[in-house]
Each structure stands twice: as structure tokens, then as C-alpha cells.
Q: 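Quick one: the structure is below, and I'll ask about it shortly.
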Protein chains: 2
Amino acid sequence: MKMSSGVEWALHSCVTLSQSHEPVPAARLAELHGTPPAYTAKHLQALSRAGIVRSTMGQVGGYTLTRPASEISALEVVQAIDGDEPAYRCAEIRQRGPLGIPAERCSRPCAIARAMAAAQDAWSHALARTSIADLAADIDADSDGTAMLDVRNWLTATRN
Amino acid sequence: MKMSSGVEWALHSCVTLSQSHEPVPAARLAELHGTPPAYTAKHLQALSRAGIVRSTMGQVGGYTLTRPASEISALEVVQAIDGDEPAYRCAEIRQRGPLGIPAERCSRPCAIARAMAAAQDAWSHALARTSIADLAADIDADSDGTAMLDVRNWLTATRN
DNA sequence: TGAACTCGGATAGAAAATATCCGAGACAAG
DNA sequence: CTTGTCTCGGATATTTTCTATCCGAGTTCA
Ligand code: SF4
Ligand code: SF4
């Protein structure tokens, strides 16, 4: 029950992309975050497949958000990287063993599976309520309103 | 972000143990659930280390619950098997890269880490509210009140 | 036309989870 | 008291997943 470490980089990348209306290459994001360039690129591809970011090829290409940051939830980013399958996957062991229940009576999930699904839903809803814009605003507030400005300045300063 | 499959076997084992006041060997539980005997035993050891079950050695030994089933939460079982460390572990990448923040200003967790911790808390509280006794009652209700009776009969019938 | 820069999926390596085995210890029977 | 059998417990292989990397296909600009 551990989350891929790439989720952290993907969330940071989305926050950074929300500060730029121009495409930002994957190598630039990796340099800013101090992460392995090739592996960071792989995670951005996952975001592209999920429709969260759009890629632009060519010399001045890179990644941009497809929607306003306020309309992208943290849950979408997590599911794009870590997969959308639930953490608890029932193997239906109630149908096995000497007291196995016939499959016809297993139409609805068992009580254990229901409890796990309820917990997963609580987790999902908590993340769905938080948008990338909310995260950016909170990070900005933590740093006395200078963090996002620094990011914007760094992005324009290193632009060729 | 996937949970160990052993969690499922452990929860089933606890529900089964709640129906017997006498020790039940690991091999018996594995046979009842149709799971690999050796691997099932390993998970029961984890429950023993967490203080959820108590092991009795010798010929009529086995595992018993240390507390009433109504005082054992599903969260405890999950944490005993899958570990109690949170799914999201911040690598503090905000301190890396050209815009790295000095460690002295990173006393409290960042906004992203806070959002993830809040989601984890929601998940934990949902599981903490459900006890093993609740699960046993719900499984019993799903089977028209015969499931737990069948388990008790099978346990006494196969007792040497 | 050409060159340089981008993404994208296919390819090695490391870590973790899965599954198993045999020895130490304890109880009951003889 | 001795013996034998049954139990748990941790140490050991195997498989799968995650981590990290590389080079080719495609696009844009000069
Ligand atoms: S969690 Fe429920 S449905 Fe899944 S194997 Fe256990 S009893 Fe069956
Ligand atoms: S989640 Fe917050 S604390 Fe953790 S690396 Fe990202 S910015 Fe830093």
C-alpha cells in the first residue's frame, strides 16, 4: 500500500506548468525539481495519455496544461500516474475452500470488500476536492507569496 | 498504490477466529480459505507481532484473538500486514534544484504533503470505524444467518 | 532544404512482494 | 520422566513490480 514516488514529481510539474502559458520541456522541469530527466519524462507521458497535459513537438515544444489549473483535481494526477484501480482487490476467496459459496450467491461484493471500497471512496473524495490551483495558492502562501513568482522568473530567465 | 493480497486473508482469518474461543492452527485456517499454507502462516505471524492474535504452542495450539472482536478495528489488521507508514512519502524535492528552499524554512510539511495526509486520514478513519465484529455480522446477514454457524460447525467437526 | 530539438515507446537494472522451507519450542501422551 | 508429535518463528528462493535509462520517430524553426 505505497504510492509511486513519481506522483510527487507529477504534482510538482503540474503546479509549475500552471505558472506558464508557454510549453515547458520535460528536461527543464527535471532540472528545476532536481529529478532524473529520463524518468521524469516517462511520467509526463502518462499525464499526456490521461489528457491532463498536451505535448507540443519541435524546437520550442514542451508540455502545457489542457485545462485551467482550478479544473484539474489532485485525484486525476494521482490516478494518471499510479493507476485508477482500487488498492484492495478482492480475490473472492469466499468461493474457495470446503465452505465455498457458489458463484450465483456472490452477485454483490462481500462485507469486507464493501468496507474497503468505502474507505477508498473517502480517500478519493478528499483528493478530488483539491485542485492544482489550490495547491499552488497554498504553496505560495507558505513562502510569503514569493514561490510562484520565483518559478515564473526562472522559467523566463532560462528560456533560450 | 496497491495493497498486499495478504490483507484479505488476514481479515478473513480474524473473522473466523472470532467464532472460536479455542486455538485454531494456521494450517486449518489456510485449508478453510483455500490459501497457500506457508504464506498464510507468515501473515499470521505479523498479526501476532502486532498484538492482535496470541499464539499457543504445542499439540492443541494455534491462534486466538487477544481481545473481543468488537474491539479490533479493520485498520489495525491492515496496518499489521501492510505496514503503518503512509502511502505518500514526501522526498522533500522542494529543497533540491536551482530554486531549492533552505531546510530551516521547511519546518512544516508542504501543501502537497498536507493534502495527501488529509486523504490518508480520511481513509484511516473510515477503516477505524469498522470492527471485526461488524464484518462478521454483515457477512452473516448476507448469507441469511448461516455463514458463521457453518464456520463454527466446520471448526468443531475437523477438530481431532 | 536542412538541422536541431522535442516527445514516445521499447529496453536493462533494482527493489519489493510472493511463496516456501526447515529448525526451535511446547504440550500431551505413554 | 521420556518420547513423540504438533505448533509457531524466522531465515531462505522465486516471481513480479517499480525504478531508471536509452535511442528512434516526428515536428518546428531557421
Ligand atoms: S473480501 Fe468478501 S468478497 Fe472478497 S474474498 Fe473476502 S469474503 Fe469474499
Ligand atoms: S510535497 Fe511539498 S514538502 Fe514534499 S517535496 Fe513536494 S513541495 Fe516539498
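First the proteins, then the strands, lettered A, B, ... as listed; each starts at 1.
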Q: Select base, sugar-phosphate, or nothing to describe what A:Arg49 touches, counting heavy atoms under 4.0 Å on all strands.
A: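 Result for A:Arg49 = sugar-phosphate.
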
Q: Could you check B:Lys2 against B:Val24 and say which one's nearest nucleotide on DNA chain D is further toward the 5' end?
A: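 Closest to the 5' end, via its nearest nucleotide, is B:Val24.
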
Q: Distance check needed: D:dC18 C1' versus A:Lys42 NZ, whole Å only.
A: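 Distance, rounded to whole Å: 10 Å.
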
Q: Return yes when atom CZ of A:Arg152 has more than 12 non-hydrogen atoms of other residues, nucleotides or ligands closer than 6.0 Å, and no otherwise.
A: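 Check passes, neighbour count above 12.
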
Q: Of A:Arg114, A:Arg108, A:Arg94, which meets side chain to side chain donor-acceptor pair (under 3.5 Å) against B:Asp142?
A: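 Exactly one option meets the side chain to side chain donor-acceptor pair (under 3.5 Å) with B:Asp142, and it is A:Arg114.
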
Q: Listed by chain and number, what are the ring pair (Phe, Tyr, Trp, His ring centres under 6.0 Å) partners of B:Trp9, not counting sequence neighbours?
A: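 Expected list: B:Tyr39, B:His43.
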
Q: Rounding to a whole Å, what distance do you find between A:Asp82:CG and D:dT19:C1'?
A: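 Atom CG in A:Asp82 sits about 13 Å away from atom C1' in D:dT19.
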
Q: Does A:Thr66 use its side chain to pair, donor to acceptor, with the backbone of A:Ile52 at less than 3.5 Å?
A: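 Present.
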
Q: Take the protein atom NE2 of A:His43 and the nucleotide atom C1' of D:dT19, then report the distance between them rounded to whole Å.
A: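 Going from A:His43 (NE2) to D:dT19 (C1'), I get 8 Å.
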
Q: Side chains of A:Val24 and A:Thr16, heavy atoms from C-beta outward: is any pair under 4.5 Å?
A: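 SC-SC contact between A:Val24 and A:Thr16 ruled out.
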
Q: Mind calculating the distance between CZ (B:Arg89) and C1' (C:dA16) to the nearest angstrom?
A: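 My rounded result for the distance is 11 Å.
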
Q: Output yes when a side-chain donor or acceptor of B:Asp138 lies under 3.5 Å from a complementary backbone atom of A:Ala111, and no otherwise.
A: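 Checking the backbone N and O of A:Ala111 against the side chain of B:Asp138, no donor-acceptor pair under 3.5 Å is found.
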
Q: Using a cut-off of 6.0 Å, state whether more than 12 heavy atoms not belonging to A:Arg89 lie near its atom CZ.
A: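 More than 12 within 6.0 Å, yes.
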
Q: Indicate for each nucleotide in nucleotides 23-30 of chain D, in 5' to 3' sequence, whether protein heavy atoms under 4.0 Å reach the base (B), only the sugar-phosphate (S), or nothing (-).
A: ----BSS-

Q: What is the distance, rounded to the nearest whole Å, between atom CZ of B:Arg54 and atom C1' of C:dA26?
A: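 In whole Å, C:dA26 C1' lies 15 Å from B:Arg54 CZ.
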
Q: If the cut-off is 4.0 Å, is B:Ser48 near the phosphate of D:dG9, judged by side-chain N/O to OP1 or OP2?
A: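 Checking D:dG9 against B:Ser48, a side-chain N or O does come within under 4.0 Å of OP1 or OP2.
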
Q: Looking at residues 3-15 of chain A, who's got a heavy atom less than 4.0 Å off DNA chain D?
A: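 Listed by number, they are A:Ser4, A:Ser5, A:Trp9.
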
Q: Taking any heavy-atom pair under 4.0 Å as a contact, classify B:Ala26: base, sugar-phosphate, or nothing.
A: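 Sugar-phosphate contact only.
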
Q: For the CZ atom on A:Arg67, are there more than 12 heavy atoms of other groups (residues, nucleotides or ligands in this structure) within a distance under 6.0 Å?
A: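 Yes.
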
Q: Can you tell me which nucleotide in D:dT7, D:dT21, C:dC7 comes closest to the side chain of B:Pro25?
A: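 Closest nucleotide to the B:Pro25 side chain: D:dT7.
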
Q: Stepwise, does the salt bridge (Lys or Arg N to Asp or Glu O under 4.0 Å) test hold for A:Lys2 with A:Asp82?
A: CA-CA 10 Å; A:Lys2 78 171 187 182; A:Asp82 212 66; over 6 Å; no

Q: Between D:dT21, D:dG9, C:dT18, spot the one nearest the side chain of B:Tyr39, thanks.
A: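 Selected nucleotide: C:dT18.
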
Q: Let me know the distance between CG of A:Leu44 and C1' of C:dG9, rounded to the nearest Å.
A: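 These atoms are roughly 15 Å apart.
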
Q: Would you kindly give the CD-to-C1' distance between A:Gln45 and C:dT6, to the nearest whole Å?
A: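 After rounding, the gap between these two atoms is 11 Å.
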
Q: Between D:dT17 atom P and A:Ile81 atom CD1, what is the distance in whole Å?
A: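 Between P of D:dT17 and CD1 of A:Ile81: 18 Å.
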
